[in-house]
Enquirer: 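Following this message is one structure expressed as structure tokens.
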Amino acid sequence: MNSVLDMTEFVRDWQASKQFTLAVANAMPADFYDFKPNPEEMTFGEQMIHIAGANVFRFNQITGIKPPFVLDPAKPPASDKANVLKLLGESFDYVVDALPTITSEQLQRTWHIPSWKGRTDPDGRAMITNMFVHTAHHRAQCEVYLRAKGIKPPDYTF
């Protein structure tokens, strides 16, 4: 056994993450996509755009496969509900399609990412695992935003 999960299982996990993330995004009414609990936080919509953009950016970095979109941090895209749902769906489809193409060389390649505290030189395997966790982290923040608006988040599915 070379890993905890095989690629087929990991693809299924990303498909489940897509469905759950879209359920969380759909649970927030469009009028509240600009909500943030305090000035230091991203809005609900920005959190979701961040998930989509990070997925596309990192998996493009690992694989070199042309992404469905490129986000320019200097010109963030609209974070309204319709655009968020579109970009989220495209980003997860991109990841699910890219995962099975990742080679052992790409998994073993080391990347230097100074902004990653504690693991500034991850290999490809650590990067794709971190992106799965990154999605869960920001999705969980969005679930708290739902609660702050009196909305019950969707039941956790995995």
Side-chain angles (χ1 to χ4, degrees), residues 1-7 9-25 28 33-77 79 83-84 87-148 153-154 156-158:
M1 180 176 186
N2 294 334
S3 67
V4 175
L5 293 174
D6 69 24
M7 190 57 76
E9 289 174 295
F10 202 43
V11 167
R12 270 196 311 265
D13 290 344
W14 273 92
Q15 289 168 329
S17 182
K18 173 188 177 182
Q19 295 309 312
F20 188 46
T21 304
L22 288 172
V24 170
M28 183 64 90
Y33 261 64
D34 62 351
F35 170 72
K36 56 182 174 178
N38 59 59
E40 293 81 29
E41 298 291 334
M42 289 185 272
T43 67
F44 183 91
E46 289 167 342
Q47 291 272 7
M48 290 291 181
I49 291 284
H50 179 71
I51 291 170
N55 286 345
V56 166
F57 177 80
R58 290 291 176 212
F59 278 86
N60 172 252
Q61 187 178 33
I62 294 166
T63 66
I65 297 170
K66 184 180 185 304
F69 59 85
V70 176
L71 298 184
D72 178 354
K75 291 188 251 174
S79 57
N83 199 47
V84 164
L87 294 179
L88 276 175
E90 289 176 1
S91 78
F92 277 98
D93 290 345
Y94 175 73
V95 169
V96 166
D97 289 345
L99 276 169
T101 73
I102 296 175
T103 65
S104 54
E105 291 80 20
Q106 290 168 326
L107 290 174
Q108 294 169 15
R109 180 178 174 186
T110 300
W111 301 87
H112 184 65
I113 308 172
S115 63
W116 282 20
K117 307 295 184 232
R119 188 178 260 182
T120 56
D121 295 302
D123 62 13
R125 191 177 316 272
M127 282 179 63
I128 65 173
T129 301
N130 179 277
M131 293 316 299
F132 192 75
V133 172
H134 177 266
T135 294
H137 167 73
H138 286 283
R139 182 180 57 228
Q141 287 179 297
C142 288
E143 289 182 65
V144 173
Y145 286 27
L146 288 169
R147 290 281 187 196
Y156 179 70
T157 57
F158 184 70

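It should be emphasised that the depicted structure is a prediction, and the values quoted were computed from it without experimental measurement.
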Enquirer: Going by side chain to side chain contact (heavy atoms under 4.5 Å, CB included), name the residues that satisfy it together with Arg147, two or more places apart in sequence or in a different chain.
Expert: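 Arg147: side chain to side chain contact (heavy atoms under 4.5 Å, CB included) contacts with Lys152, Pro153.
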Enquirer: Considering residues at least two apart in sequence or located in another chain, which fulfil the salt bridge (charged side-chain N to carboxylate O under 4.0 Å, His left out) criterion with Glu41?
Expert: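 Checked Glu41 against salt bridge (charged side-chain N to carboxylate O under 4.0 Å, His left out); zero matches.
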Enquirer: Sequence neighbours left out, what passes side chain to side chain contact (heavy atoms under 4.5 Å, CB included) with Asp97? Give chain and number order.
Expert: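 Partners of Asp97 under the side chain to side chain contact (heavy atoms under 4.5 Å, CB included) test: none.
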Enquirer: Does Asp123 have any side-chain hydrogen bond (donor to acceptor under 3.5 Å, both in side chains) partners at least two apart in sequence or in another chain, and if so, which?
Expert: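 Expected list: none.
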Enquirer: My understanding is that only residues two or more places apart in sequence, or in another chain, count here; which of them pass side chain to side chain contact (heavy atoms under 4.5 Å, CB included) with Ile113?
Expert: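 So Ile113 forms a side chain to side chain contact (heavy atoms under 4.5 Å, CB included) with Arg58, Trp111, Ser115, Trp116, Pro122, Met127.
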Enquirer: Hey, could you give me the CG/CD1 distance between Leu87 and Ile49, rounded to the nearest 0.5 Å?
Expert: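 Interatomic distance, Leu87 CG to Ile49 CD1, rounded to 0.5 Å: 4.5 Å.
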Enquirer: So, do Tyr33 and Ser79 sit near enough that their side-chain heavy atoms are less than 4.5 Å apart?
Expert: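 Not in contact.
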Enquirer: With sequence neighbours left out, what residues match Thr103 under side chain to side chain contact (heavy atoms under 4.5 Å, CB included)?
Expert: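 Side chain to side chain contact (heavy atoms under 4.5 Å, CB included) list for Thr103, sorted by chain: Glu105, Gln106.
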Enquirer: As a quick check of understanding, evaluate side chain to side chain contact (heavy atoms under 4.5 Å, CB included) for Val95 and Phe92, giving each step before the final call.
Expert: CA-CA 5 Å; Val95 169; Phe92 277 98; 5.5 Å; no
Enquirer: Anything under 3.5 Å between a donor and an acceptor, one on a side chain of residues 62-76, the other on a protein residue two or more places apart or in another chain? List them.
Expert:
| unit_1 | atom_1 | unit_2 | atom_2 | d |
| --- | --- | --- | --- | --- |
| Thr63 | OG1 | Phe59 | O | 2.7 |
| Thr63 | OG1 | Ile65 | N | 3.1 |
| Asp72 | OD1 | Ala74 | N | 2.9 |

Enquirer: Gln47 side chain to Phe44 main-chain N or O, any donor-acceptor pair under 3.5 Å?
Expert: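 No.
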Enquirer: Which residues satisfy the side-chain hydrogen bond (donor to acceptor under 3.5 Å, both in side chains) test with Gln15, sequence neighbours excluded?
Expert: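 Gln15: no side-chain hydrogen bond (donor to acceptor under 3.5 Å, both in side chains) contacts found.
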Enquirer: For His134, which residues count as a ring pair (Phe, Tyr, Trp, His ring centres under 6.0 Å) partner, sequence neighbours excluded?
Expert: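 Scan of His134 (ring pair (Phe, Tyr, Trp, His ring centres under 6.0 Å), adjacent residues dropped) gives His50, His138.
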Enquirer: Identify the two heavy atoms, one from Ile128 and one from Phe10, that lie closest to each other, and give their separation to 0.1 Å.
Expert: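 Ile128 and Phe10 have their closest heavy atoms at CD1-CE2, 3.7 Å.
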Enquirer: With rounding to the nearest 0.5 angstrom, report the CG to CG distance, Asn60 to Asn55.
Expert: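 Spacing of CG (Asn60) from CG (Asn55) equals 12.0 Å.
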Enquirer: Got a second to check how far Asn130's CG is from Arg125's CZ, nearest 0.5 Å?
Expert: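 With rounding to 0.5 Å, CG (Asn130) is 14.5 Å from CZ (Arg125).
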Enquirer: Could you report the tightest heavy-atom contact between Ala126 and Arg119, atom names first, then the distance?
Expert: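 Heavy-atom minimum between the residues: CB-NH1, 3.4 Å.
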Enquirer: Enumerate, atom names and distances included, each donor-acceptor pair closer than 3.5 Å involving a side-chain atom of residues 16-25, sequence neighbours excluded.
Expert:
| unit_1 | atom_1 | unit_2 | atom_2 | d |
| --- | --- | --- | --- | --- |
| Ser17 | OG | Arg139 | NH1 | 3.0 |
| Lys18 | NZ | Asp93 | OD1 | 2.6 |
| Thr21 | OG1 | Ser17 | O | 2.7 |
| Thr21 | OG1 | Arg139 | NH1 | 2.9 |

Enquirer: Which heavy atom in Trp14 sits nearest to a heavy atom in Val96, and how many Å separate them?
Expert: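 For Trp14 and Val96, the tightest heavy-atom pair comes out as CB-CG2, 4.0 Å.
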